[in-house]
Structures are given as C-alpha cells and as structure tokens.
S.K.: 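Got a structure here, written out as structure tokens. Questions coming.
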Amino acid sequence: MSRPAGADRPVPRTYWVAGTAVLLALLFAAAATVAAASGGGSTDTGPSAGTAAPRTPGLRSPDAGFARDMAVHHQQAVEMSFIVRDRTQDEAVRTLAYDIANTQANQRGMLLGWLDLWGLPKVVADEPPMSWMGASGGHGGHTGHDTAKPGALMPGMATKEELDQLGAASGREAEVLFLQLMTDHHKGGVAMAEGCARQCETPVERALAQGMVDAQRSELTLMEDMLRQRGAAPRG
C-alpha cells in the first residue's frame with residue numbers, strides 16, 4: 001500500500017524553532033491582553049504614583065489602524081491554513097498550517113479586543129488600508145512586500161483567484177502553492193508589524209508587533225526549507 005506523499009520526509013530542524021516561536025507568541029498574547037485590559041501593563045499607574053493614565057489611541061492612530069488592518073490580514077492567513085489542511089496529507093504542512101491558524105486567530109482576537117477596550121470601531125469606511133503607516137511607515141523603502149499586488153487588499157495578501165486556485169489544488173501542488181502564498185503573506189505581515197513596532201504608542205501592542213516579526217521571520221525560514229524539499233522556491 002502506498003504511503004501519503006511526504007510521509008518519509010524528515011521534519012526540518014527549523015520547524016522546531018518556528019514551533020517554539022509560535023508557542024511564545026501565544027503565551028505573550030495572553031499576557032499582553034491582560035496587560036492592555038489593566039491599563040498598558042503598568043503596575044504603578046494610580047493617582048499616588050504621580051503619573052498620568054495611559055492615553056487611549058485615537059481613531060486614526062497607528063495603534064488603531066494596525067489593529068484593524070492586521071486583524072483582516074490575519075483572518076486570511078487563518079483561511080488559507082484551513083484550506084490547505086483539507087488539500088494535503090503531508091504532516092509537516094498540516095502542522096504548520098495548524099500553528100499559523102491557531103496563533104493568528106488568537107492574535108486577531110487580541111487586536112479586535114483592544115479596539116473594543118479603546119471604544120473604537122473595527123471598520124472605518126473611508127480609511128484606505130495601510131493609511132496608518134503614513135510617509136514614515138515603510139512605504140518609502142519599496143521592499144517589494146510593503147505594497148499590495150493588484151486584486152489584493154493589503155501587502156502579501158492573496159487574491160480571490162489565488163485562494164480559488166489553492167482550494168482546487170491537492171497534494172504537492174497544494175503544498176507548494178500554500179507555502180508560496182503564505183511566504184508572501186508573512187513578508188507583507190512583517191512589513192506591517194515593523195511599522196507598528198516603530199509607530200504604535202501602546203507598549204503591549206508594540207511588543208506584540210515585534211513578536212509577530214520574530215515569529216514570522218522564523219516561519220519564513222522554515223517555509224523556504226519546505227519549498228526546497230519539494231523542488232520549489234518562494235515567488236518573486
């Protein structure tokens with residue numbers, strides 16, 4: 001009886017590095033949510049401390065803009081992960097997809113929760129995606145992953161046609177396409193998170209953004225290795 005494709009393929013060492021980063025990101029997510037709910041994580045913010053209460057971010061602040069945009073960005077990563085889970089039996093790809101879906105769903109919940117705590121809407125009708133980054137937010141660098149491709153909402157996001165293509169693929173074809181799409185997605189996400197790490201004023205949000213950068217860079221290395229094992233490479 002034939003074995004599923006990839007069953008004998010060793011799990012790359014980088015996977016364990018990425019797995020550790022995912023676990024740390026989840027642990028940080030829980031701690032950061034508690035800190036945000038208690039006023040930014042400070043333990044000495046009462047009147048007797050002689051310090052002002054943390055300032056609530058404004059509607060169009062980098063803090064709020066990043067929370068809104070990254071929540072949308074994360075949602076697509078979760079969607080792609082669930083799609084590929086049903087399109088392959090490769091254990092390494094399925095485990096990576098599960099980790100990405102679990103981590104980014106938790107982070108998305110945090111971002112939306114902060115908007116609720118700040119009394120801000122999750123959608124602003126006249127706000128273009130990425131407008132919170134501004135002139136100094138990274139668009140001037142033209143890294144190739146800080147602008148959205150035609151048909152995509154934000155940097156790194158897949159188009160509807162690409163999602164349909166992933167949903168129609170199976171086996172190695174689905175694995176390669178998922179890894180390529182998620183590589184683009186992570187590169188766009190890293191650019192966005194770096195923007196928040198520079199510009200956001202809420203300490204726990206800046207820290208979460210930096211955690212996203214670190215974890216997704218680790219997963220980028222992993223996905224490059226996984227693509228190489230399948231005779232493929234990242235796009236672009």
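Along the sequence shown, residues are numbered consecutively beginning with 1.
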S.K.: Look up atom CD in Q180 and atom CG in L166, then write down how far apart they are to the nearest 0.5 Å.
M.R.: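 Reported value, rounded in 0.5 Å steps: 11.0 Å.
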S.K.: Apply side-chain contact (heavy atoms from CB on, under 4.5 Å) to S61 and F66, showing your working.
M.R.: CA-CA 8 Å; S61 64; F66 174 74; over 6 Å; no
S.K.: Could you check L163 against Q76 for side-chain contact (heavy atoms from CB on, under 4.5 Å), going step by step and ending with a plain yes or no?
M.R.: CA-CA 9 Å; L163 293 176; Q76 189 184 75; 3.9 Å; yes
S.K.: Hey, is the main chain of E91 close enough, under 3.5 Å, to the side chain of T95 for a donor-acceptor pair?
M.R.: yes
S.K.: How would you list, by chain and number, every residue that makes a side chain to side chain donor-acceptor pair (under 3.5 Å) with D86, sequence neighbours excluded?
M.R.: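 Result, side chain to side chain donor-acceptor pair (under 3.5 Å) vs D86: none returned.
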S.K.: So which heavy atom on A197 is nearest to which on A209, and how close?
M.R.: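 Looking at all heavy atoms of both residues, the shortest contact is N-CB, 4.0 Å.
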S.K.: Taking all non-hydrogen atoms of both residues into account, name the closest pair between A174 and R87 and its distance.
M.R.: CB-CB, 3.8 Å
S.K.: Is there a path of hydrophobic side-chain contacts, each under 4.5 Å between heavy atoms, that joins F82 and I100?
M.R.: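 No.
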S.K.: At what distance, to the nearest 0.5 angstrom, does OG1 of T183 lie from CE of M223?
M.R.: 4.0 Å
S.K.: Can you list everything that forms a side-chain contact (heavy atoms from CB on, under 4.5 Å) with S131? Sequence neighbours excluded, please.
M.R.: E127, P128
S.K.: My understanding is that only residues two or more places apart in sequence, or in another chain, count here; which of them pass side chain to side chain donor-acceptor pair (under 3.5 Å) with R206?
M.R.: none
S.K.: How close do A71 and L111 get, counting heavy atoms only, and between which atoms?
M.R.: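 For A71 and L111, the tightest heavy-atom pair comes out as N-CD1, 3.9 Å.
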S.K.: With a 4.5 Å cut-off on side-chain heavy atoms, are R228 and E224 touching?
M.R.: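 Side-chain contact under 4.5 Å: yes.
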S.K.: Please test R172 against D90 for salt bridge (Lys or Arg N to Asp or Glu O under 4.0 Å), starting from the C-alpha separation and ending with a verdict.
M.R.: CA-CA 9 Å; R172 178 190 173 279; D90 185 276; over 6 Å; no
S.K.: To the nearest 0.5 angstrom, please state how far the CG atom of L112 sits from the CE atom of M70.
M.R.: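 L112 CG to M70 CE: 12.5 Å, rounded to 0.5 Å.
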S.K.: Can you list the residues that meet the side chain to side chain donor-acceptor pair (under 3.5 Å) rule with R108, with sequence neighbours excluded?
M.R.: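 With neighbours one apart ignored, the set is Q75.
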S.K.: Of the non-hydrogen atoms in P234 and L227, which two are nearest, and what is the gap between them?
M.R.: N-CD1, 3.6 Å
S.K.: Quick one: pull up CE in M133 and CZ in R198 and give me the separation to the nearest 0.5 Å.
M.R.: 5.5 Å
S.K.: Do V84 and Y98 sit in one hydrophobic cluster, given that two such residues count as connected whenever their side-chain heavy atoms are within less than 4.5 Å of each other, even indirectly?
M.R.: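 No, V84 does not connect to Y98 through the hydrophobic network.
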S.K.: Are any side-chain N or O atoms of D63 and backbone N or O atoms of T202, one a donor and one an acceptor, separated by less than 3.5 Å?
M.R.: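 Confirmed, D63 side chain pairs with T202 backbone.
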S.K.: Restricting to non-hydrogen atoms, name the atom on A64 and the atom on G58 that form the minimum distance, rounded to 0.1 Å.
M.R.: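 So the minimum-distance heavy-atom pair works out to CB-O, 3.4 Å.
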S.K.: For V123 and R68, which heavy atoms make the closest approach, and how far apart are they?
M.R.: N-CD, 4.0 Å
S.K.: Report yes if the side chains of F178 and L181 come closer than 4.5 Å at any heavy-atom pair, otherwise no.
M.R.: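 Answer no - side chains too far apart.
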S.K.: In sequence, state the C-alpha distance, the side-chain angles, and the governing distance for Q104 and Q216, and then conclude on side-chain contact (heavy atoms from CB on, under 4.5 Å).
M.R.: CA-CA 11 Å; Q104 297 209 13; Q216 292 192 26; 3.6 Å; yes
S.K.: Would you please test L179 and L96 for side-chain contact (heavy atoms from CB on, under 4.5 Å) and show each step?
M.R.: CA-CA 10 Å; L179 292 168; L96 173 63; 3.9 Å; yes
S.K.: Out of curiosity, D184 CG to M182 CE, how far, rounded to the nearest 0.5 Å?
M.R.: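 Rounded to the nearest 0.5 Å, the CG-CE separation comes to 10.5 Å.
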S.K.: Under the side chain to side chain donor-acceptor pair (under 3.5 Å) test, which residues partner R85, sequence neighbours left out?
M.R.: none
S.K.: Ignoring hydrogens and angles, state whether a donor on the side chain of D225 or Q229 is under 3.5 Å from an acceptor on the partner side chain.
M.R.: no
S.K.: Do V78 and V93 share a hydrophobic cluster, counting only Ile, Leu, Val, Met, Phe, Trp and Tyr and linking them when any side-chain heavy atoms are less than 4.5 Å apart?
M.R.: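 Different clusters: V78 never reaches V93 through Ile, Leu, Val, Met, Phe, Trp or Tyr contacts under 4.5 Å.
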S.K.: Once you round to the nearest 0.5 Å, how far does CH2 of W114 lie from CG of L120?
M.R.: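 If I round to the nearest 0.5 Å, the distance is 13.5 Å.
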S.K.: Applying ring pair (Phe, Tyr, Trp, His ring centres under 6.0 Å) as the test, list every pair that has at least one member in residues 181-202; sequence neighbours left out.
M.R.: H73-H185
